[in-house]
Amino acid sequence: MKLTIIGSGYVGLTTGACFAEVGHHVMCVDNNEAKIQSLLEGKIPIYEPGLENIVRKNVASKRLQFTTSTEVGVNHGEVIFIAVPTPPQPDGSVDLSFIEKVAREIAVCLDSYRIVVDKSTVPVKTGERVAQTIRRYAKPGVEFDVISNPEFLREGSAVDDLMNPDRIVIGGNSDRALGIMQKVYEPFVAPVLVTDINSAELIKHAANSFLALKISYANALSEICEVTGADVEKVVEGIGMDKRIGRSFLNAGLGYGGSCFPKDIAAFIALSDQAGTPFNLLKEVEKINVRQLNRFVDSIREALWVLRDKKIAVWGLSFKPNTDDVRCSVAVSLVEALVKEGAQVTAYDPKGMEKFLELPISSKITLAATPLEAATDAEALVIATEWPEFSGVDLRELHQVMRAPLIFDGRNLLEPSEAIDAGFQYRGIGRGTVPVAP
Ligand code: UDX
């Protein structure tokens, strides 16, 4: 099938590449000429395992093409996916101006029946607005349908999530469009849930909010574990063995970050407030998330007494492992908090340092080439992102290079007994029984 994706960012590019990989003929559109040029040269602007490979392969086979022209895109695809950014506004609600602009641009190019699919994460009822806008700007009588088809890709495993999805949600009100959408997804082996447009839009916000709720639940438990002497790792293992609860997304740590959860939870809160049905539970989820980082910084300050001029190593800058994305990264917020208190921070991240250098805070810290270099002469080591590389570091060697043997493990990456055996004072998250300081 001929498909078009408008917006070649994280979601658009990965979705387009995976559609091409299963045999569709895909045209990716983006108004950023430099980005399209570098994609045509096979350069991928993001680090995403497996993506470069399938982009190159499908560009070579001409199943994946790129253009800066919306008109070319609209002429190409019988199904047109909108995958443009939906950034947050200061009050938490979503800025839908990119979506609105693309809807207008598609409308003026429409000559014959097309399906316009909203892939971006949007508040419920956006599909209705997109349909109204296209109707208003399109030539009279031209036929189209609007569909909501939310994405559930996780950065770092986006290709795998797309190729092997848990489910495919298609929301629409037209049998003709729903039938064509089923064909788009025929090559994928996954249950398809067909709903109305509003329900599909709501599923995305509800799913991300529920996952964030699980994380905040584990983080709230971690605080209770710290004061009662229980170990949150054991507690979440115990509750996660109940199939009704499940173990995933119950990892206590520094809290959730990234380009999706903080934005989507704020948007869902704003939406429910505007609808006159405040979702107070989610407000608590947000509060716990903020509190988790603050508590952690407090614990570092408490152990070091004063942070000013302390040399602190930070391992991890990306918002989670296996990505170079540092947007809304809790690790970056942590670095900012340490710098604000006068600490001298040296950081290392396997993939995130290039993107980190684009942030203003980067001028206030030093970056190291290896984890051990970052830790050299440090008076404390903070693990902010659970990259597998960090758990492979020789703890005795680490002990030798540091000035003081203190580890603050914000992601419970290390085995406390191993750190203690190597001579460290260790503090994780919610590991109440682990000895902390002399
Ligand atoms: C998320 C959703 O998972 C995905 O379905 C959606 O389409 C986009 O948003 P992503 O932002 O890539 O994906 O990251 P995810 O793996 O969900 O992690 C989000 C944040 O939660 C990260 O900061 C991660 O460190 C944190 N997290 C995750 C925890 O703190 N504990 C956990 O148990 C799981």
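We count ligands from 1, going down the list as the structure has it; atoms in each ligand are counted the same way. FYI, side chains are in, hydrogens and waters are out, and symmetry mates aren't considered; it's all heavy atoms of this structure.
Listed by chain and number, the residues in a salt bridge (Lys or Arg N to Asp or Glu O under 4.0 Å) with Glu100 are Arg104 (sequence neighbours excluded). Checked against side-chain contact (heavy atoms from CB on, under 4.5 Å), Ala212 has the following partners two or more places apart in sequence or in another chain: Tyr256, Phe261, Ile265, Val285.
Judged by a 6.0 Å distance limit and a 45° cone about the ring axis, Arg167 is positioned over the six-membered ring of Phe152.
Judged as a ring pair (Phe, Tyr, Trp, His ring centres under 6.0 Å), the pairs with a partner in residues 78-102 (not counting sequence neighbours) are, in order, Phe19-Phe81.
Checked against the 6.0 Å centroid criterion, the rings of Tyr348 and Trp315 do not qualify as a close aromatic pair.
Within a 6.0 Å sphere centred on CZ of Arg129, other residues, nucleotides and ligands contribute 12 heavy atoms or fewer.
Within 4.0 Å of ligand 1, protein heavy atoms belong to Glu151, Phe152, Leu153, Arg154, Glu155, Lys204, Asn208, Ile215, Phe249, Leu250, Asn251, Gly255, Tyr256, Gly257, Cys260, Phe261, Phe319, Lys320, Arg411, listed by chain and number.
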